[in-house]
2 protein chains.
Amino acid sequence: MADVAAKAGVSRALVSIIFRGQPGASQETRERVLRVADEIGYRPDGAARLLARGRSRTLGVMFTVHQTFHTDLIEGIYPEAERLGYDVLLSGATKGRSESQAVEALLSHRCEAVILLGPDSEPAYLDELGRRTVAVSVSRRVPQAHVDFVHSAEGKGVRQAMEHLLELGHRRIVHIDGGRGPGSSERRRAYRAAMRRHGLESELRVIPGDHTEESGIEAGRLLLAERDQGHPLPTAVLAGNDRCAWGLLMALTRAGVDVPRDMSVVGYDDSHLAHLMPIGLTTVRQDAILMAEHAVRFAVERLENDALEPREAVLDPKLVVRGSSGPAPEASA
Amino acid sequence: MADVAAKAGVSRALVSIIFRGQPGASQETRERVLRVADEIGYRPDGAARLLARGRSRTLGVMFTVHQTFHTDLIEGIYPEAERLGYDVLLSGATKGRSESQAVEALLSHRCEAVILLGPDSEPAYLDELGRRTVAVSVSRRVPQAHVDFVHSAEGKGVRQAMEHLLELGHRRIVHIDGGRGPGSSERRRAYRAAMRRHGLESELRVIPGDHTEESGIEAGRLLLAERDQGHPLPTAVLAGNDRCAWGLLMALTRAGVDVPRDMSVVGYDDSHLAHLMPIGLTTVRQDAILMAEHAVRFAVERLENDALEPREAVLDPKLVVRGSSGPAPEASA
DNA sequence: GTACTCGTCTAGAGCGCTCTAGTAGAGCGC
DNA sequence: GCGCTCTACTAGAGCGCTCTAGACGAGTAC
C-alpha cells in the first residue's frame with residue numbers, strides 16, 4: 001500500500017479511501033491510483049483491514065455436509081447476505097468434526113455472527129455461544145438459549161399432511177420420526193395429536209428414525225419383514241423428512257411395493273430431492289429461501305443494534321401434493 | 001490481552017507465548033495466566049494474530065453446493081488439513097454466485113491456498129489464480145494453468161465399466177456425457193475408444209448431458225420417447241456421473257422399465273448416493289478421501305516450499321458392481 | 001571470584017490497514 | 001479583503017497481536 005501511495009504520489013490514507021470506494025478523492029487521482037495498484041499487483045490485505053476496522057462484516061454458517069436441505073438454505077443465505085453487505089463463510093460439521101469445532105473455526109475467523117443450520121449441540125453450549133456472539137438457529141428450537149430462531153410451523157405442516165392422507169381414506173398411518181433431528185419432536189407431537197383427534201389412537205405408531213436415507217431404508221425393511229410375518233403394511237407413512245422418505249421409497253420399490261397404489265408416502269422439507277424421485281414426492285414444503293433470508297436478517301439486525309433481544313420467526317409450511325400419495329387401498333378395494 | 005497481562009502481573013508478550021503454547025513460560029505462570037484469561041473471558045483475536053504472524057495457516061475450499069461428490073471430498077479435506085495444522089474455510093458456488101466470487105471471498109479472508117473442487121472457470125482465470133496464490137484443482141484438468149491437479153484415471157475407470165458391460169453381453173451401449181463437467185471429456189473419449197476397440201462403432205452414441213439428476217431424467221425421457229416410436233432401447237447406459245445415473249434410474253422406474261433386466265445402468269463417482277438407490281448402483285469408484293488428502297497435501301507442500309512446481313496426482317478408480325447392471329436382454333433371450 | 005549457560009520474562013517495534021482531526025487552497029458572498 | 005464553505009488531500013495514532021533482542025537471576029564450571 002505504501003508502495004502504491006509512493007508511486008502514485010499520494011498519501012496512504014488516500015489510497016485507502018480509494019480502495020474503499022469512499023468519496024473524498026478526485027476522479028483523476030482515483031484512476032491514477034487504481035492504475036498504479038494494478039501495475040504493482042497490489043490487493044488490500046483482509047486481516048489488516050479487519051483489524052483496523054474492528055468489524056469484519058462476515059457471517060459464519062455452520063451446516064451438516066450431507067444434509068441436502070442445508071444446501072438449499074445456503075443458496076438463500078448468500079444473496080441476502082450480499083444484499084446487506086455481508087460476507088459469508090461456511091464451516092461444515094462432519095463425522096469427524098463436531099459442531100463446536102465448526103463453530104470455533106468460524107469465530108476464530110472473525111465472523112461477527114453465526115447461523116446454525118439444524119444444530120444438534122447441547123442447549124447449554126448454544127446458550128453460551130449466543131451470549132458470546134450473535135447466533136441464529138435454523139430449524140432447531142433451543143428453548144432457554146439466547147439465540148434467534150427461524151423455523152416453520154411444524155405442527156401446521158404435519159396437520160396438512162395428515163388431513164390430506166385422511167381425506168384419501170388412510171387410517172393405518174405410521175410416522176417414522178426424525179429422532180433428535182431438528183423439528184422432529186414437534187412433528188411427532190402433531191402426528192400423535194392428529195391421530196387422536198380422528199379417533200385413530202389404536203393405529204398410532206411411531207417408528208424411531210432420523211433424518212437420513214438410511215433410517216428410511218431401515219424402516220422400510222422393518223415394515224416389509226412384518227408383512228412377511230402376516231402383519232398388514234400401513235397404508236400410509238409420514239416420514240421425518242425427505243431423505244427418510246426417499247430411503248423408504250427405495251426400500252419399497254426394491255421389494256416391489258407400488259407407491260402410491262399399495263402405500264402412500266409423505267415427506268417433509270420439499271428439498272430439491274423431492275422432484276427427483278421416480279414419482280414426485282408429496283411433501284411439506286418449508287421455504288428454504290425465505291428461512292435463509294430471515295436468518296440472515298435476524299443476525300444482521302442484531303449485529304447492528306445490540307440492544308435487540310433474540311427473536312423467533314415462524315414460517316407457514318405448505319403441503320405439496322405430488323405422485324407419492326394416493327387413495328388408501330382399503331377405500332378403493 | 002493487555003487486561004489479562006495486567007491482572008496476571010505479567011507482560012503481554014508472555015501472555016502471547018502462553019496462548020501459542022510455546023515454551024518459555026513456567027508451568028505456574030502458565031496456569032495463572034490461563035485462569036485469569038478465562039475469568040475475563042479473553043480469547044485471542046484471529047485477525048490481529050494473522051496480521052502479526054504474516055501467515056494464516058488456512059486453506060480455502062471452493063465447491064458447488066449441490067454436488068454430492070464435493071461433500072464427500074470435503075469430508076476428506078477436514079481431517080487431513082487438521083493433521084497438517086491447517087484451518088479450512090468453505091465457500092460455495094451457487095446459481096447466483098460465481099466461482100470467482102466464491103474464490104475471492106476465500107482469498108480476502110486470507111486463505112493461503114485454494115482447493116477448487118471441479119472448477120468450471122476459464123483456464124486463463126485459473127492460471128492467473130494459480131500464479132497469484134497456491135491453487136489445486138480437483139477433477140478438472142486445466143492444461144496450461146499453474147495449478148496442482150488431482151484426479152482419477154478416468155480412462156481406466158470407463159474401460160473397466162465398459163469391459164464389465166461387454167462381458168455381460170451388451171452391445172448397444174449409450175453414454176450420457178457430462179458436458180463441460182470435470183472429467184467428462186476424458187470419460188467420453190474412453191467410451192468412444194472402448195466401443196471402437198470392440199468393433200461397435202455403429203452402436204456408438206453419446207447423448208449430451210451434464211452432471212445433474214435433471215440430465216439423467218432428460219436422457220431417460222429421450223430414450224423412452226424413441227422407444228415409443230419403435231426404436232429399441234439401448235441395453236446399457238454409461239452415465240456421466242452418479243447423479244445423472246440416478247436421474248436416469250428415476251425416469252426408467254417411473255416408466256416401468258426394469259433395471260437391470262431391461263437395461264443396465266452404470267454411474268461414475270461412487271458418491272454416497274450410490275448406496276441409496278432401489279438397487280445399488282454399479283459405478284466407478286473414485287476414492288474421495290484419498291483425492292481430498294492428495295489435494296490438501298499438494299497445497300500444503302507447495303505452501304511450505306514455494307520452489308515446488310505444480311504437480312499432478314492420478315488415482316486409480318475401481319469399478320464397483322452392484323445391482324444396476326446385469327446380462328444384456330438379447331443375450332439372455 | 002569471573003565467565004558461562006539456561007530458564008523465565010519484558011520492552012517495543014511492526015504487521016497493513018482505517019479513521020479522526022486537520023491543512024491547503026479554491027470559490028463565493030458581501 | 002474578510003470569513004465562510006467545500007473539495008482534495010495528509011499526518012499519525014491505533015487496531016490486537018507476534019517476534020526479536022535483550023534483561024535478570026540462578027545455577028554450573030573452572
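So that the names make sense, note that chain A is the first sequence line, chain B the second, and so on, each numbered from 1.
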First encountered from the 5' end of DNA chain C, between A:A13 and B:G9: B:G9
Comparing B:S11 and B:R53 on DNA chain C - which has the more 5′ nearest nucleotide: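 By nearest-heavy-atom nucleotide position, the 5'-most residue is B:S11.
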How long is the line joining [atom1] of [X] and [atom2] of [N], in whole Å?
X	N	atom1	atom2	result
B:M1	C:dT10	CE	P	11 Å
B:R20	D:dC17	CZ	P	12 Å
B:L50	D:dT18	CG	C1'	12 Å
B:D3	D:dG16	CG	P	10 Å
B:L51	C:dC17	CG	P	9 Å
A:R55	D:dG14	CZ	P	23 Å

Qualifying salt bridge (Lys or Arg N to Asp or Glu O under 4.0 Å) pairs, either residue in residues 84-98 of chain A, two or more places apart: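 Sorted pair list: A:K95-B:E75.
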Consider the side chain of [X], meaning its heavy atoms from C-beta on, and name the nucleotide among [options] that approaches it most closely.
X	options	answer
A:Y42	C:dT10, D:dC15, C:dC17	C:dC17
B:R12	D:dC17, D:dG12, C:dG12	D:dC17
B:S16	C:dC17, D:dT18, D:dC19	D:dT18
B:L14	C:dT18, C:dT10, D:dT18	C:dT10
A:A52	C:dC17, D:dG16, D:dT18	C:dC17
B:R49	C:dC19, C:dC17, D:dC17	D:dC17

Complement of C:dG29, any strand, by Watson-Crick or G-U distances under 3.5 angstrom: D:dC2
Salt bridge (charged side-chain N to carboxylate O under 4.0 Å, His left out) between B:E80 and B:R83, worked out: CA-CA 5 Å; B:E80 184 67 6; B:R83 197 178 69 80; 2.9 Å; yes
Interface residues of residues 24-39 of chain B with DNA chain D (non-hydrogen, below 4.0 angstrom): none
